[in-house]
Amino acid sequence: MRAQSGTAVPVHSHITDAIKAPSFVRLADNVVLARFETLKVYAALGAVRSLLDRGIVHPGQTLVDSSSGIYALALAMACHRYGMRCHIVASTTVDTTMRVQLEILGATVDQMPPATDLQLDQQRRVARVRELLQRNPDMHWMRQYHDPVHYLGYAELAELVNAALPGVPLTIVGSVGTGASTGGLVESLRRRDPAVRLIGIQPFGSVTFGSERFSDPDAIIAGIGSAIHFGNVRHELYDRLHWLDFRHAMAGAVALLRDHAVFAGLSTGAAYLVAAWEARRHPERTHLVIGADTGHRYTERVFTRHREALDPARLAPVEITSLADLTPPWSAMRWARRSYPAVRLISPQEHRKDRVS
């Protein structure tokens with residue numbers, strides 16, 4: 001099929017091919033949004049494809065994993081595509097719309113009971129997966145939080161980014177989450193250009209980058225942080241870190257819709273707020289915002305409250321040099337591609353000797 005201009009228009013054999021490619025939208029001279037319907041389709045497709053090719057799993061086998069949202073749908077769609085069975089141990093935060101989609105796609109779903117303690121929710125999910133594996137040894141645990149196979153699919157995304165933004169000094173801005181999306185993308189991009197920078201976003205209350213002494217459960221629910229450690233987070237890939245509370249992420253999400261007509265999730269709102277701030281300080285670099293999903297599952301918690309949203313023009317982070325100085329509601333820090341222990345064990349005095357960039 002061809003458009004009137006003669007450009008070939010693909011007819012996809014499966015919906016995952018249609019939804020995995022992002023729409024690139026310029027938000028400012030040096031800020032571009034990569035908007036996805038479901039970003040984690042890349043992770044799920046790449047992982048399932050690799051496991052099948054290596055004979056680790058076989059068609060018809062049941063793949064099981066724990067998820068708080070968009071990975072569950074991505075895995076169910078990958079299983080639909082490759083003829084696999086799917087079982088999801090779902091967070092208490094998975095809503096009816098998501099659960100219905102999973103069930104119609106053929107996935108079976110265990111949903112955790114309501115819990116305000118997100119660490120308990122995650123621990124319950126892991127315990128339930130282990131129980132299922134004991135009863136059904138033929139199930140394969142995908143381990144999205146720990147298995148590096150989830151990095152593989154993002155090499156394809158890196159090629160699209162290189163084609164959309166050729167030859168520009170590039171900074172990727174995205175939520176850390178399980179680590180695979182930002183990590184997989186930047187590892188692939190750095191094979192061509194080691195100078196590509198990565199800015200990660202965390203909520204207060206997440207253990208991933210040392211803010212667990214704070215409490216902001218709404219932001220962790222958004223999937224940008226975690227109450228347990230994730231093996232797929234490679235701390236040494238990140239150049240800078242920003243920690244934001246829920247209200248700041250909400251301000252970014254509402255502003256993105258108001259200013260650019262883009263309806264996206266809470267992690268995208270946080271990335272937009274951070275990218276706009278960083279772009280003003282580094283006009284020579286193009287900042288690519290990772291928009292992981294749409295805003296539909298945030299309608300009640302975020303968008304119906306749009307009149308409460310803070311004005312992004314009045315918001316700015318506190319620049320810190322040590323994890324000991326983390327300060328809600330928004331902190332930023334030069335991470336400098338160091339391991340987590342290397343940063344955590346340095347005293348605040350030694351940190352302050354570093355140049356902040």
Side-chain angles (χ1 to χ4, degrees), residues 12-23 34-49 51 57 59-115 118 121-122 124-125 128-129 132 139-145 150 153 157 175 177-178 180-181 220-224 253 257 262-269 290-304:
H12 301 291
S13 59
H14 193 269
I15 187 63
T16 49
D17 285 329
I19 67 172
K20 68 182 179 181
S23 300
R35 180 194 179 275
F36 297 86
E37 183 174 332
T38 308
L39 168 65
K40 289 192 176 181
V41 166
Y42 277 108
L45 287 179
V48 173
R49 219 168 27 229
L51 294 170
V57 301
Q61 190 173 355
T62 299
L63 307 183
V64 60
D65 213 347
S66 161
S67 175
S68 61
I70 61 175
Y71 178 78
L73 183 58
L75 182 60
M77 296 177 87
C79 288
H80 183 276
R81 176 171 184 167
Y82 291 115
M84 313 292 291
R85 298 180 185 275
C86 180
H87 186 93
I88 298 297
V89 179
S91 168
T92 185
T93 63
V94 170
D95 61 16
T96 302
T97 301
M98 177 71 73
R99 180 168 183 144
V100 167
Q101 289 181 79
L102 293 172
E103 291 175 348
I104 294 174
L105 281 166
T108 49
V109 182
D110 276 333
Q111 185 153 14
M112 293 298 100
L118 293 174
D121 177 62
Q122 288 179 312
R124 280 175 173 169
R125 284 187 272 142
R128 176 57 177 159
V129 171
L132 288 166
M139 280 185 168
H140 178 82
W141 187 4
M142 292 298 293
R143 300 177 74 244
Q144 65 147 327
Y145 303 142
H150 291 90
L157 174 57
S175 62
T178 65
S181 57
I220 294 181
I221 288 172
I224 66 176
L257 180 55
V262 175
F263 186 49
L266 203 58
S267 68
T268 307
I290 303 302
D293 62 350
T294 65
H296 294 88
R297 66 189 182 121
Y298 303 96
T299 301
E300 291 299 320
R301 288 195 299 116
V302 176
F303 293 102
T304 60

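All values below were derived from every heavy atom in this structure, side-chain atoms included, with hydrogens, water molecules and symmetry-related copies excluded.
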Chemist: How close do K40 and T178 get, counting heavy atoms only, and between which atoms?
Modeler: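 K40 and T178 have their closest heavy atoms at NZ-CG2, 3.9 Å.
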Chemist: Does the S175 side chain pair with the main chain of I224, one donor and one acceptor, at a distance under 3.5 Å?
Modeler: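 No; judged by distance alone, with no hydrogens or angles, the pair does not exist.
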Chemist: In Å, rounded to the nearest 0.5 Å, how long is the span from OG1 of T62 to CH2 of W141?
Modeler: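 These two atoms lie 16.0 Å from each other.
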Chemist: Applying side chain to side chain contact (heavy atoms under 4.5 Å, CB included), can you list everything that pairs with Q111, at least two apart in sequence or on another chain?
Modeler: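 For Q111 the side chain to side chain contact (heavy atoms under 4.5 Å, CB included) partners, ignoring immediate neighbours, are A90, V94, R99.
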Chemist: Let me see the working for V41 and F36 under side-chain contact (heavy atoms from CB on, under 4.5 Å), right down to the final yes or no.
Modeler: CA-CA 10 Å; V41 166; F36 297 86; over 6 Å; no
Chemist: Return each pair, listed once, that meets salt bridge (Lys or Arg N to Asp or Glu O under 4.0 Å) where at least one residue sits in residues 59-72; pairs must be two or more places apart or across chains.
Modeler: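 Checked against salt bridge (Lys or Arg N to Asp or Glu O under 4.0 Å) - neighbours excluded - no pair reaches residues 59-72.
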Chemist: When rounded to the nearest 0.5 angstrom, what is the spacing between CZ in R124 and OG in S91?
Modeler: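 Between R124 CZ and S91 OG, I get 10.5 Å after rounding to 0.5 Å.
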Chemist: Sorted by first residue and then second, give each salt bridge (Lys or Arg N to Asp or Glu O under 4.0 Å) pair with at least one member in residues 67-83; sequence neighbours left out.
Modeler: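 Every pair satisfying salt bridge (Lys or Arg N to Asp or Glu O under 4.0 Å) with a residue in residues 67-83: D17-R81.
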Chemist: Side chain to side chain contact (heavy atoms under 4.5 Å, CB included) with T304: which residues, sequence neighbours excluded?
Modeler: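 Listed in chain order: T299, E300.
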Chemist: Mind checking the CG-CZ spacing from L266 to F303? Nearest 0.5 Å is all I need.
Modeler: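 Between atom CG of L266 and atom CZ of F303 there are 8.0 Å.
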Chemist: Under the side-chain hydrogen bond (donor to acceptor under 3.5 Å, both in side chains) test, which residues partner Y71, sequence neighbours left out?
Modeler: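 Checked Y71 against side-chain hydrogen bond (donor to acceptor under 3.5 Å, both in side chains); matches are H150.
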Chemist: Checking H12 now: which residues fulfil ring pair (Phe, Tyr, Trp, His ring centres under 6.0 Å) with it, not counting sequence neighbours?
Modeler: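 With sequence neighbours excluded, H12 shows a ring pair (Phe, Tyr, Trp, His ring centres under 6.0 Å) to no residue whatsoever.
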Chemist: With side-chain contact (heavy atoms from CB on, under 4.5 Å) as the test, would you mind laying out the steps for V129 and M139 before giving the verdict?
Modeler: CA-CA 10 Å; V129 171; M139 280 185 168; over 6 Å; no
Chemist: Not counting sequence neighbours, which residues clear side chain to side chain contact (heavy atoms under 4.5 Å, CB included) with T97? List them please.
Modeler: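 With sequence neighbours excluded, T97 shows a side chain to side chain contact (heavy atoms under 4.5 Å, CB included) to D95, Q101, given in chain and number order.
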Chemist: Could you tell me whether a side-chain N or O of T268 sits under 3.5 Å from a main-chain N or O of A292, the two making a donor and an acceptor?
Modeler: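 Yes, the answer is positive, given that a donor and an acceptor are paired below the 3.5 Å cut-off.
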Chemist: What heavy-atom pair brings S67 and A72 nearest, and what distance separates the two atoms?
Modeler: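 Taking S67 first and A72 second, the nearest heavy atoms are OG-N, 3.1 Å.
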Chemist: Among residues at least two apart in sequence or on other chains, which ones pass side-chain hydrogen bond (donor to acceptor under 3.5 Å, both in side chains) with S66?
Modeler: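 Once residues adjacent in sequence are excluded, the partners of S66 under the side-chain hydrogen bond (donor to acceptor under 3.5 Å, both in side chains) criterion are R125.
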Chemist: Apply side-chain contact (heavy atoms from CB on, under 4.5 Å) to residues M84 and H140 and explain how you reach the verdict.
Modeler: CA-CA 11 Å; M84 313 292 291; H140 178 82; over 6 Å; no
Chemist: Kindly write out the residues that satisfy ring pair (Phe, Tyr, Trp, His ring centres under 6.0 Å) with Y145, not counting sequence neighbours, or none if the list is empty.
Modeler: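 Partners of Y145 by the ring pair (Phe, Tyr, Trp, His ring centres under 6.0 Å) criterion, ordered by chain and then number, come out as F230.
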Chemist: How long is the straight-line distance from CG of L75 back to CD1 of I70, given to the nearest 0.5 Å?
Modeler: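 Those atoms lie 12.5 Å apart.
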Chemist: To the nearest 0.5 Å, tell me how far M77 CE sits from L102 CG.
Modeler: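 Rounded to the nearest 0.5 Å, the CE-CG separation comes out at 10.5 Å.
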Chemist: Any side-chain heavy atom of L157 sitting closer than 4.5 Å to one from L39?
Modeler: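 Yes. Closest side-chain heavy atoms under 4.5 Å.
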Chemist: Using the side-chain contact (heavy atoms from CB on, under 4.5 Å) rule, take M142 and V48 through it: C-alpha gap first, then chi angles, then the decisive distance, then the call.
Modeler: CA-CA 9 Å; M142 292 298 293; V48 173; 4.1 Å; yes
Chemist: About how many Å separate CD of E103 and OG1 of T108, when rounded to the nearest 0.5 Å?
Modeler: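 Atom-to-atom, T108:OG1 and E103:CD are 9.0 Å apart.
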Chemist: I'd like to check the side chain to side chain contact (heavy atoms under 4.5 Å, CB included) partners of R128; sequence neighbours left out, ordered by chain and number.
Modeler: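 Here the qualifying residues are V89, D110, M112, E131, L132, R135.
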Chemist: With sequence neighbours left out, which residue pairs that include part of residues 76-111 fulfil the ring-ring contact (aromatic ring centres under 6.0 Å, His included) condition?
Modeler: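 ring-ring contact (aromatic ring centres under 6.0 Å, His included) check on residues 76-111 returns H14-H80.
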